[in-house]
Amino acid sequence: MKLSGVELRRVRMPLVAPFRTSFGTQAERELLLVRAVTPSGEGWGECVAMEAPLYSSEYNDAAEHVLRNHLIPELLRAGDLTAHKVTPLLAKYKGHRMAKAALEMAVLDAELRAHDRSFAAELGSTRDFVACGVSVGIMDSIPQLLDVVGGDLDEGDVRIKLKIEPGWDVEPVRRVRERFGDDVLLQVDANTAYTLGDAPLLARLDPFDLLLIEQPLEEEDVLGHAELARRIRTPICLDESIVSARAAADAIKLGACQIVNIKPGRVGGYLEARRVHDVCAAHGVAVWCGGMIETGLGRAANVALASLPGFTLPGDTSASGRFYRTDITEPFVLQSGQLPVPTGPGLGVTPIPGLLDEVTKAKAWIGS
C-alpha cells in the first residue's frame with residue numbers, strides 16, 4: 001500500500017452540556033481528523049489532543065504542525081506502507097504520541113478496508129458487545145450531580161465515573177452512594193489533582209467500595225502512586241502515567257497500580273494499545289478503555305479495542321448522545337448497557353459528508 005496523501009481536517013463540535021474536570025471546562029470539542037488516501041481507498045483517524053495542553057503536553061495546533069511538517073512527509077517518502085510500519089518509521093520523532101496515533105489509525109483503517117477486515121478482528125476481539133460506562137464531570141452542586149447520575153443510570157450505563165478534585169471528592173461520592181446504593185459500579189478520576197500528602201483524605205474514599213481511583217497524583221510520580229497504594233484500600237488505576245507498554249510494565253512491577261486505563265492516543269496508537277493490553281494480561285492486571293470525548297470514528301475504534309479479552313471493566317465508551325446531540329457518523333446507541341462491536345471493514349463507520357462539513361472549520365491536503 002502506498003500513501004497518496006493525507007487530509008487534515010479541524011472540526012468543532014458543541015457538547016450537550018459543559019464538561020468540567022480538575023484541569024478545566026469544555027463546552028465544545030475541537031478535534032483534528034486525519035484522512036489517509038491510498039490508490040485503493042481511504043481511512044480515517046482521530047487525534048484526541050485538546051485545544052490547549054491541559055490533559056497532556058499535546059494540543060491540536062502542535063499536533064497539526066508535527067503532522068504537516070514531519071510525520072506525514074515521512075510516510076509519504078516511505079513507499080510501500082503498512083500500519084505496522086508506521087511506528088518504526090516515526091520513532092525518530094520524539095513524543096507526539098497523539099498525533100502519531102491518529103496517523104496510524106488512518107493508515108490502519110485504509111489498510112483494513114482494502115482487505116475487508118475489521119478493526120475488531122485485527123486487534124483480536126473476543127466479543128460482540130462491550131459494557132459501557134460514562135464519565136460525569138464536576139458539577140456546580142450535589143443535586144445537579146445526582147440528577148445527572150440518575151439520568152445516566154436510566155439510560156442504561158452500567159458504570160459511573162465521577163471526576164473529582166480537592167473540595168469535590170468525599171461528599172459527592174458519599175451522596176451518590178447514598179442515593180443509588182452499593183450495587184452501582186462507581187469509580188473516581190482525579191486527573192492528577194492530588195499529592196501524596198493527600199493520602200489521609202483519599203483514604204476517606206475507602207468505605208465506599210469504589211472500583212478504583214484513577215490517576216490521583218502527577219503523571220511522572222509513579223513511585224508516589226506505589227506509596228499511595230500502600231496507604232489506601234481503593235485500587236489505584238493509572239491513566240496519564242501509562243504512555244507505552246514499557247511504562248505499564250514498569251508501573252506494575254513497582255506496585256503503582258492494580259488497574260490500567262488504556263487510551264490509544266495517549267500510548268501512540270491502537271497497535272501499542274494492544275501491546276499494553278497484552279502486558280497487563282500477562283501480569284493479571286485488569287484494563288479498561290478510556291475515552292477522550294471522541295466522535296463516532298474514535299468511538300468505533302475504542303469499542304473494537306474494548307472487545308479484547310483483558311478488558312474486564314466497563315470503559316468510557318458511552319453512547320454518542322451522552323456528549324453530542326449530532327455525531328459525524330451514525331450514532332452509537334446503548335443496548336441494555338452495551339454497545340455493539342462494529343463488524344464492517346476497517347472502523348466499520350465513516351463520516352456522513354453533510355454532518356462532517358457542518359462542523360469543519362478548516363482542512364488541508366498534504367500530498368506527495
Has the side chain of Arg113 got a donor or acceptor atom that lies under 3.5 Å from a matching backbone atom of Gly346?
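Answer holds: no.
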So, does Asp198 use its side chain to make a donor-acceptor pair with the main chain of Thr195 at under 3.5 Å?
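Yes; at least one donor-acceptor contact below 3.5 Å.
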Can you name the one residue among Glu30, Arg10, Glu51 that meets side-chain hydrogen bond (donor to acceptor under 3.5 Å, both in side chains) with Asn60?
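That would be Glu30; it is the only one of Glu30, Arg10, Glu51 passing the side-chain hydrogen bond (donor to acceptor under 3.5 Å, both in side chains) with Asn60.
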Could you point out which residue of Glu240, Glu219, Gln215 forms a side-chain hydrogen bond (donor to acceptor under 3.5 Å, both in side chains) with Asn191?
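Of Glu240, Glu219, Gln215, side-chain hydrogen bond (donor to acceptor under 3.5 Å, both in side chains) with Asn191 is met by Glu240 alone.
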When rounded to the nearest 0.5 angstrom, what is the spacing between [atom1] in [X] and [atom2] in [Y]?
{"X": "Gln26", "Y": "Met13", "atom1": "CD", "atom2": "CE", "result": "12.5 Å"}
{"X": "Asp209", "Y": "Leu185", "atom1": "CG", "atom2": "CG", "result": "11.5 Å"}
{"X": "Ser56", "Y": "Arg266", "atom1": "OG", "atom2": "CZ", "result": "10.0 Å"}
{"X": "Leu196", "Y": "Leu223", "atom1": "CG", "atom2": "CG", "result": "10.5 Å"}

Between Phe323 and Phe19, what is the ring plane arrangement, given parallel below 30°, perpendicular above 60°, and tilted in between?
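Answer is perpendicular, since the angle exceeds 60°.
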When the ring planes of Tyr93 and His70 are compared, do they come out parallel, tilted or perpendicular, using 30° and 60° as the limits?
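Tilted, since the angle between the ring planes falls between 30° and 60°.
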Reference residue Ile262; test side chain to side chain contact (heavy atoms under 4.5 Å, CB included); the match among Asn302, Val276, Leu308
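The residue from Asn302, Val276, Leu308 that satisfies side chain to side chain contact (heavy atoms under 4.5 Å, CB included) with Ile262 turns out to be Val276.
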Between Arg322 and Asp152, does a salt bridge (charged side-chain N to carboxylate O under 4.0 Å, His left out) hold up when you go through it step by step?
CA-CA 8 Å; Arg322 178 60 177 80; Asp152 290 331; 2.9 Å; yes
Does the structure place the NZ or CZ of Arg9 under 6.0 Å from the centre of the six-membered ring of Trp44, at an angle of no more than 45° from the ring's axis?
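Here Arg9 fails the 6.0 Å and 45° test against Trp44.
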